[in-house]
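For reference, the structure is listed below as structure tokens.
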Amino acid sequence: AGARLVSLDVDVELISPLGTFRAGASPSKVAPMVGGRVRIPLAPRWAVAVYGDVGINSDVKWQVLGTVQYDLGRRWRLAAGYRHMAIHHDRERGDIDLGLSGPIVGVTYRF
């Protein structure tokens, strides 16, 4: 459990024979979330991990992340994988629904 800061800057422009429509939103908020992680060792230095969380009353509805991890040493770890995040923002003139997906690479230092 914890909190997540979400800040978006979304602009839309639709051009048609009837004219141009422009809209934008720049919501920012801190919202509570809960999540969990599972890490499965494959070999002495290799593992796979899956992480997921769900926003509670927030624009970020959920995200899931899967990685392959390699321990460089006792404290350092490399990770590479794929992440998807679903975002929804309510507006008076229309809702914004986004799905953000893509590769992720990271380095972790454990104290």
Side-chain angles (χ1 to χ4, degrees):
R4 176 187 359 248
L5 170 63
V6 178
S7 180
L8 297 172
D9 187 13
V10 180
D11 295 310
V12 175
E13 181 178 60
L14 301 172
I15 301 171
S16 74
L18 300 176
T20 300
F21 172 77
R22 290 182 182 93
S26 298
S28 294
K29 68 168 81 170
V30 175
M33 46 81 78
V34 294
R37 177 181 62 181
V38 174
R39 185 170 188 269
I40 302 167
L42 300 175
R45 290 185 172 223
W46 290 91
V48 293
V50 177
Y51 170 85
D53 65 45
V54 176
I56 301 170
N57 193 26
S58 70
D59 285 344
V60 176
K61 296 303 179 190
W62 60 273
Q63 74 172 329
V64 66
L65 163 72
T67 60
V68 175
Q69 301 175 344
Y70 179 75
D71 290 336
L72 295 171
R74 201 171 129 246
R75 298 192 181 271
W76 290 95
R77 177 178 292 155
L78 291 175
Y82 197 80
R83 172 183 168 186
H84 179 80
M85 178 184 285
I87 299 172
H88 176 83
H89 178 67
D90 293 323
R91 293 196 40 159
E92 290 178 20
R93 296 179 65 191
D95 297 342
I96 298 171
D97 286 304
L98 297 172
L100 305 172
S101 297
I104 187 165
V105 177
V107 177
T108 302
Y109 178 80
R110 295 177 301 201
F111 292 99

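Every heavy atom of this structure was used, including side-chain atoms; hydrogens, water molecules and symmetry mates were not.
- Applying the salt bridge (Lys or Arg N to Asp or Glu O under 4.0 Å) test to R45 and every residue at least two apart in sequence or in another chain returns nothing.
- W62 contributes atom CH2, which lies 10.5 Å from atom CG of D53 (distance to the nearest 0.5 angstrom).
- The cluster map of Ile, Leu, Val, Met, Phe, Trp and Tyr, joined by side-chain heavy atoms under 4.5 Å apart, puts Y70 and W76 in the same cluster.
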Without placing hydrogens or testing angles, list every side-chain donor-acceptor pair under 3.5 Å for residues 99-111, not counting sequence neighbours.
unit_1, atom_1, unit_2, atom_2, d
S101, OG, H84, ND1, 2.3
R110, NH2, R74, O, 2.8

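- Without hydrogens or angle criteria, T67 side chain to Q69 main chain gives no donor-acceptor distance under 3.5 Å.
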| task | Start with the C-alpha gap between I15 and E13, add the side-chain angles, then the distance that decides, and say whether side chain to side chain contact (heavy atoms under 4.5 Å, CB included) holds. | result | CA-CA 7 Å; I15 301 171; E13 181 178 60; 4.1 Å; yes
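- Using a 4.5 Å cut-off between side-chain heavy atoms of Ile, Leu, Val, Met, Phe, Trp and Tyr, with links allowed through other members, V38 and M33 fall into different hydrophobic clusters.
- A single hydrophobic cluster is not seen to contain both Y51 and V68; linkage of ILVMFWY side chains at heavy-atom distances under 4.5 Å, directly or through other members, places them apart.
- Between P41 and A47, the shortest heavy-atom distance links the atoms CA-CB, 3.9 Å.
- Transitive grouping of hydrophobic side chains (ILVMFWY, heavy atoms separated by less than 4.5 Å) keeps L18 and L14 in distinct clusters.
- Rounding to the nearest 0.5 Å gives a distance of 12.5 Å between CG of L98 and NZ of K61.
- The shortest heavy-atom contact between V54 and R4 is C-NH2, 4.5 Å.
- Note on V30 and V34: separate hydrophobic clusters, where clusters join Ile, Leu, Val, Met, Phe, Trp and Tyr whose side-chain heavy atoms are under 4.5 Å apart, directly or indirectly.
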